Amino acid sequence: MRKPGSRAVRLIAVLAAGTLAAGLAAGCSSKNQVPSIGYAVDATVASYNGGSTLGASTGATSVFGRVITGFFYTGPDGQQVADTDFGTAKEVPGEVQTIQYRLNPDGVYSDGVPTSCDDLVLAWASRSGRFTKPGDRGPIPLFDAASTAGYADIERVDCQPGSRDATVVFRPDRRYSAWRNLFTAGELMPAHVAAQAANVPNVVSALQTGDPSGLGRIAEFWNTGWNFGSGSLDLTRFPSSGPYRIESFSAKDGLVLVANERWWGNKPATGRILVWPKNIDLKSKVGDSAMGVIDIGSGSVKDLNLDGFRVQNVPGRGVEQLVLATGGVFGSVDMRRALALCVPRQALYDKLGKMPDAPKDGLGSGPLNAHIVQQDSLFYPSVIGAAGKFNGDVGAATQAVGASRTNNPTIRIGYLRPDDRRAQTVAMITEACKPAGITIVDAGAPDFTPSQLSEGKVDAILGSTASAPGPAGSLSGVAATSALRTGSGLNFGRFGNGRYDAITDQLAADDNSTTQLNLFTEAENLLWAELPSIPLFATPRTIAFGGGLQNGIAAPNQAGSGWNMDRWVLKR
């Protein structure tokens, strides 16, 4: 019998504590285990690559966290947890920040290729922002990375091609306190696949030689080669480094994950997980006897009958918000202010964001009055002073429209349909802003993507942190901060402010509480003045575990409740 791995030991401890565990009632032993478990989530299956803009903005990490593993994963409370089944990471004392990574010597992809430090080199190269090509307005990144946070601070990754060891050395003038957010589950992609597709010996040598042609081909594959189209998948491009691997995917049949025979850790408790993404008819699937876990935005599916499920309605780490363009109708900050002034944030929270038995303070306790500081942060009460005037003031909104000199402003709000709660959100904003002379158009669509804001097809996105449609947010808040940084892939509104960028750089490096309080206060004052986004409330999540589902633990964050799907057992 295999000795339990370190991750398994941690899971056992969590389950023993009884934290949000489902289906552990007595009597299950007399029932039979179901060989396949259905998992419904409101992410979309668009890309295998959680580090790309497309992957991050559509929830790849919530679907593939136990398919593509890494040195850390996001736990149920939004915290980063070490996954030593994959490898170990240790900060080395010294003047220059240095992290030593060692991959598990047993690690091997499902196609038989060993895991290696080449994977870290590819992750760094793609996320660093260092590799560019000429553009009309200057150099542009080769890689369409969701964010460069942390990776841009790395000076180099010392790696011998094929080795299990890597040393990551940061720039002498930089520190990155959230380094556990680097090289994580869902984002550490198989470098050998990219090298083969780009026709280079390995990504390490391609980067060392600086061959522009080879680099260009690697980047082209990294950007789009792991995307899911409408046709059948070439599964050789999608090897797994986790307990599950992809068996198939289609819009009709969903994503089928099966046990990875080459996984070196503890064998998955259930051999098959059927993932149903956002665009399926969830009502028709709920009655399926194999449906075990549902993780969706609260109220997003109208009249959803969850009888027989253990249901938890909880505030998420994600921020329900309007992300605004900074061009077009919103080219004037006065027009962005006009919308922010007429949006009825308190009424929206009361009707759509407030959970039953909402807490008096902390996450979900009221409208969210900060862009990047979370409600349960000790800093939160001190940084929200600028938010007070933004709560449905039609008179002030009318004045702001006049100051913007915009005639008959029309604002198209896009979001991923079907989503009843977000449709109601747009309807309430429409009615509240009409007296201020603002016309709101519901531009929600089943094929909506956040990139439509960058393309000028909509004027605002209604979504969660970093514009994600489904699971989002973490305790560290890296995605929230970087989504407003100049040039970030997740900055769909194309907001740019040099002072904000400098603040985020300092926040990432300096963990002194007084310094952080001052920086967060300045950042929030700046963001409420410039309004690249309008926070509404902590995104409410409905997480339901079917009768007989064991080891389900709710995770209302970017990892989703599938973070431990390899431990799920369903008995009926």
Side-chain angles (χ1 to χ4, degrees), residues 5-23 37-43 45 48 50 55-56 58-86 180-181 183-188 240-245 255 257 259-260 263 265-266 268-270 273-277 292-296 310 312 314 316-318 464-465 468 470-476 478-479 539 541-545 549-570:
S6 56
R7 178 183 168 109
V9 170
R10 284 191 296 274
L11 293 181
I12 291 168
V14 171
L15 292 168
T19 305
L20 300 180
I37 297 177
Y39 172 41
V41 66
D42 54 355
V45 179
Y48 199 46
T58 54
T61 55
S62 66
V63 175
F64 297 113
R66 298 306 289 149
V67 180
I68 292 289
T69 53
F71 289 96
F72 297 90
Y73 62 93
T74 304
D77 295 323
Q79 78 281 31
Q80 291 303 105
V81 182
D83 187 353
T84 50
D85 283 336
F86 185 82
R180 292 173 181 82
N181 286 277
F183 309 112
T184 56
E187 300 181 359
L188 196 56
S240 163
S241 61
Y244 288 105
R245 61 175 176 82
L255 175 73
L257 303 178
N260 173 12
W263 170 242
N266 291 285
T270 296
I273 304 290
L274 181 54
V275 181
W276 293 109
V293 180
I294 297 171
D295 186 346
I296 59 174
R310 180 175 181 269
Q312 300 171 44
V314 291
R317 284 279 163 203
S464 193
T465 297
S474 67
L475 196 60
S476 66
V478 170
T539 302
R541 306 290 298 169
T542 292
I543 299 170
F545 300 107
L549 192 286
Q550 301 176 15
N551 304 338
I553 302 177
N557 60 59
Q558 64 189 11
S561 297
W563 72 278
N564 73 330
M565 63 171 63
D566 52 316
R567 296 299 95 204
W568 291 346
V569 174
L570 180 60

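Only a predicted model underlies this, so the values are computations on that prediction, with no experimental measurement involved. Quick note: numbers below take in every heavy atom, side chains included, and nothing from hydrogens, waters or symmetry partners.
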Got a sec, which residues hit side chain to side chain contact (heavy atoms under 4.5 Å, CB included) with [X], two or more places apart in sequence or on another chain?
X	answer
Ala472	Ser464, Thr465, Ala468
Pro277	Val45, Asn279, Ile280
Ala56	Ala146, Leu490
Ser240	Tyr48, Val67, Ser110, Arg245, Asn260

Taking all non-hydrogen atoms of both residues into account, name the closest pair between [X] and [Y] and its distance.
X	Y	result
Gln558	Thr74	NE2-OG1, 3.1 Å
Val314	Ile543	CG2-CD1, 4.2 Å
Gly75	Asn557	O-ND2, 2.9 Å
Pro268	Ala259	CG-CB, 4.1 Å
Ala554	Pro76	O-CB, 3.5 Å
Thr61	Ala185	CG2-O, 3.9 Å

Could you check whether any side-chain N or O of Thr270 sits under 3.5 Å from a backbone N or O of Trp568, counting only pairs where one atom can act as donor and the other as acceptor?
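Checking the backbone N and O of Trp568 against the side chain of Thr270, a donor-acceptor pair under 3.5 Å is found.
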Keeping the roles fixed (side chain from Tyr244, backbone from Ile273), state whether a donor-acceptor pair exists under 3.5 Å.
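It does not hold such a pair.
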Show, in sequence, the C-alpha distance, side-chain angles and deciding distance for Asp77 and Leu475, and conclude whether the side chain to side chain contact (heavy atoms under 4.5 Å, CB included) test is met.
CA-CA 7 Å; Asp77 295 323; Leu475 196 60; over 6 Å; no
Salt bridge (charged side-chain N to carboxylate O under 4.0 Å, His left out) with Arg541: which residues, sequence neighbours excluded?
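For Arg541, the residues satisfying salt bridge (charged side-chain N to carboxylate O under 4.0 Å, His left out) (neighbours in sequence not counted) are Asp42, Asp295.
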Starting at CG of Leu274, measure out to OH of Tyr39 and round the result to the nearest 0.5 Å.
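It comes to 12.5 Å.
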Between atom CG of Leu188 and atom CZ of Phe183, what is the distance when rounded to the nearest 0.5 Å?
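CZ of Phe183 is found 7.5 Å from CG of Leu188.
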Yes or no on side chain to side chain contact (heavy atoms under 4.5 Å, CB included) for Leu257 and Met565, after CA distance, side-chain angles and deciding distance?
CA-CA 11 Å; Leu257 303 178; Met565 63 171 63; 4.0 Å; yes
Please work out whether the ring planes of Trp563 and Tyr73 are parallel, tilted or perpendicular, with thresholds of 30° and 60°.
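It falls in the parallel class, under 30°.
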The test is side chain to side chain contact (heavy atoms under 4.5 Å, CB included); show your working for Arg567 and Asn266 and say whether it passes.
CA-CA 9 Å; Arg567 296 299 95 204; Asn266 291 285; 4.1 Å; yes
Residues in side chain to side chain donor-acceptor pair (under 3.5 Å) with Arg180, at least two apart?
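Expected list: none.
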With Ser241 via side chain to side chain donor-acceptor pair (under 3.5 Å) - residues at least two apart
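By the side chain to side chain donor-acceptor pair (under 3.5 Å) rule, Ser241 matches Thr69.
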Results of ring-ring contact (aromatic ring centres under 6.0 Å, His included) for Phe86 - residues two or more places apart only:
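Listed in chain order: Phe71.
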For a side chain to side chain contact (heavy atoms under 4.5 Å, CB included) check, start with the C-alpha distance between Phe64 and Val275, then their side-chain angles and the critical distance, and finish with the verdict.
CA-CA 10 Å; Phe64 297 113; Val275 181; over 6 Å; no
